Structures are given as C-alpha cells and as structure tokens.
Amino acid sequence: MYTQGLDQSGKGDPGARGEETAAQLDVFQARIDAEEKIEAKDWMPEAYRRTLIRQISQHAHSEIIGMQPEGNWLTRAPTLKRKAILLAKVQDEAGHGLYLYSAAETLGVSRDEMVGDLLSGKAKYSSIFNYPTLTWADIGAIGWLVDGAAIMNQIPLCRCSYGPYSRAMVRVCKEESFHQRQGYELMLTLCRGTAEQKAMAQDALNRFWWPALMMFGPNDASSSHSAQSMAWKIKRFSNDELRQKFIDVTVPQAEFLGLTVPDDKLTFNKESGHYEHSDIDWQEFFDVIAGNGPCNKQRMAKRRKAQDDGAWVREAARAHAEKKAARSAAA
Ligand SMILES: [Fe+2]
Ligand SMILES: [Fe+2]
C-alpha cells in the first residue's frame, strides 16, 4: 500500500551514470514528456531505474509487512462474514506484494536481493505498519484510513511512466477500494452499535489518524528529491497535495460516522475549500522509520521467521524445477 515518503531520493550511482550521454537523457525525457510508457527493455537512466527499484520494492515490502497487524485479528473476527472479508483482504495484500516484487524484478533486481534488504533493515516499509492493532475497531480504522490513504497515493501511480508498475497499480487500486469500503462499513456498524462499540471506534480513530497522515511522507519543503520523481512522472502530486486531498475527503466521512477527528485545530476554510489542520509530529514519524516504533522489532522478527519457515518450500520448488528441466532436456 504505501509508496510515498521514503522513496524520494532519486539518487543514482554516479559511476553508472557516467556512461549516459546528454543526448540519451534528452530522448528519454522527451518520451516521458510525451506520456509514453517506459518498458523493461527500454533504455533508461540509471538513477530512474534505481529510484523505481527503491520505490517499488518498498511498496512491496509494505504490502507484505502490512499483512501482520490485520492478520493478528483473523482468528478473533466477531462473525464468519467478518472473518471471510478480512481473510480476503489480507490475501489481497499478499497478492499486491507479489505483483510489486515482479514489477521490480523487471528492472533487473532479484527477489532474493529485495527480501534480503528488507530482512537486513536496509530497505524500509511504511511506518504505519509499526503500530499495534489493539481492538477489533482497529481493523475498521485501518481499512478506512490506511487503505484510504493508500488509494490517494496509488491512483496517480496508475499513470506512472514505468509501464509494469503502472499496470500493476490498476488492479491493486481496485482491490484497495474494496479494502477501504469494508473498513468504513465496519466503522459504521460499530458507530451504530452500543456506546461501548462507538467508543472503541473513536479510540481507533484517535490512534490511527496521525499515523495515517504521516503515510504521505514528509512535508514538501523537506522532501527535496520529489522534483526529480515529478519530472520523471513517477510521482504526479506532491506529498502535501495528496495529504490534503485525503483530509478533505476523510473528515466528512468521520462526521457521518459521528466521530471526532483528534485535531483541535481542524477547520474548514471556505475560501480555499480545504481543511486546515495542526502540525504533524514529524519526530514521531522519523523515530518510527528509524526502527523505534511500537512494533518494529516484532514485525521484523515475524517476517524473518516466516522466511525461515518457508525455506523448505523454496527448496522443494527449486528441486521440482530442476527435475522438470532435466526431464525435458532428456526428452
Ligand atoms: Fe495493498
Ligand atoms: Fe489494502
């Protein structure tokens, strides 16, 4: 789900870039400007390739790690219907991870390398998944807010200049839209339930509101590499623009639920047509990114265990592929 915020570096390998001529770069930029899609086998600047590998792999890692906070409630869903919905959603997230790893592989990076970077801590994933899911209402809040924020980020990625990423995003966005709706419907059910259920929904909103706003990444002023991603049409809108869009559509949804957004300074500015809000606690964001969020260690430990526990599957698949290759060579 998450894509923005961590992936603004746009840095390339200066050694590799040395090979690139001004003429090549001009032709490439002209293709981008003409809204042509760049495909895996096309020439591309090394920095473009690296930026995409970083962004797509971080996106893939976020989908996979993002299965954990919700997976935590699969065995405790209150009804069979809720369980089936949640199971489908968590499986969708696994699928998103797989599409995205495949899209990144087209850029010449291996799955093993990407997973290795995640497990070593070199690669990041969205900070939102380092927060715990303490109550059932958190499942509603995640669908509504986290998948809602993901949609804001990802709809423009359907028009990303890199073909394989943009095409993967089309299906991902359709599924994210189902995720958002199931979360909102869950919140609505709680808010129309008992006072205790409504209080649980309010508490979930209180805890997830600010981390959801942080999903869009740092303020534009401190996001120095966004300009290059915009010029390459990897990004279409700035972090602050997307965050504002999200706030503008989500606040009325909270009002409809009868919940209070946890921000004393939240006001609607009639002139601009936008909500104004308090400053975000960026220190919290950077602390969580640095590994000091409430669940970072737990998330990584679980991911490492899953990787170790799945080793026999990878070995068996490899042995099967070798046998099959040997058989077709002999035939
Ligand atoms: Fe997803
Ligand atoms: Fe999702």
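In each ligand, atom 1 is the first atom listed, and ligand 1 is the first ligand listed. None of the values given here were measured: they were computed from a predicted structure.
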Backbone or side chain, does Glu63 get an N/O/S atom under 2.8 Å to the Fe ion (ligand 1)?
yes
To the nearest 10°, what's the angle at the Fe ion (ligand 2) between atoms OE1 (Glu176) and ND1 (His179)?
90°
Residue pair Leu190 / Ala201: nearest heavy atoms and the distance that separates them
CB-CB, 4.2 Å
Please find the N/O/S atom of His96 nearest to the Fe ion (ligand 1) and write down its name.
ND1
Going by the side-chain contact (heavy atoms from CB on, under 4.5 Å) test, name the single residue among Gln55, Met169, His61 that passes it with Leu100.
Met169
Of all the N, O or S atoms in Asp147, which has the shortest distance to the Fe ion (ligand 2)?
OD2
Are Glu39 and Arg31 close enough for a salt bridge, meaning some N to O gap below 4.0 Å?
no
What is the name of the N/O/S atom in Glu93 that sits closest to the Fe ion (ligand 1)?
OE1
Assess the residue pair Asp308 and Lys305 against the criterion (salt bridge (charged side-chain N to carboxylate O under 4.0 Å, His left out)); give the C-alpha distance rounded to whole Å, side-chain angles, the decisive distance to 0.1 Å, and a yes or no.
CA-CA 5 Å; Asp308 293 346; Lys305 185 175 182 305; over 6 Å; no
Carefully, step by step, assess Glu46 and Arg50 under the rule salt bridge (charged side-chain N to carboxylate O under 4.0 Å, His left out).
CA-CA 6 Å; Glu46 186 60 15; Arg50 284 173 184 267; 2.9 Å; yes
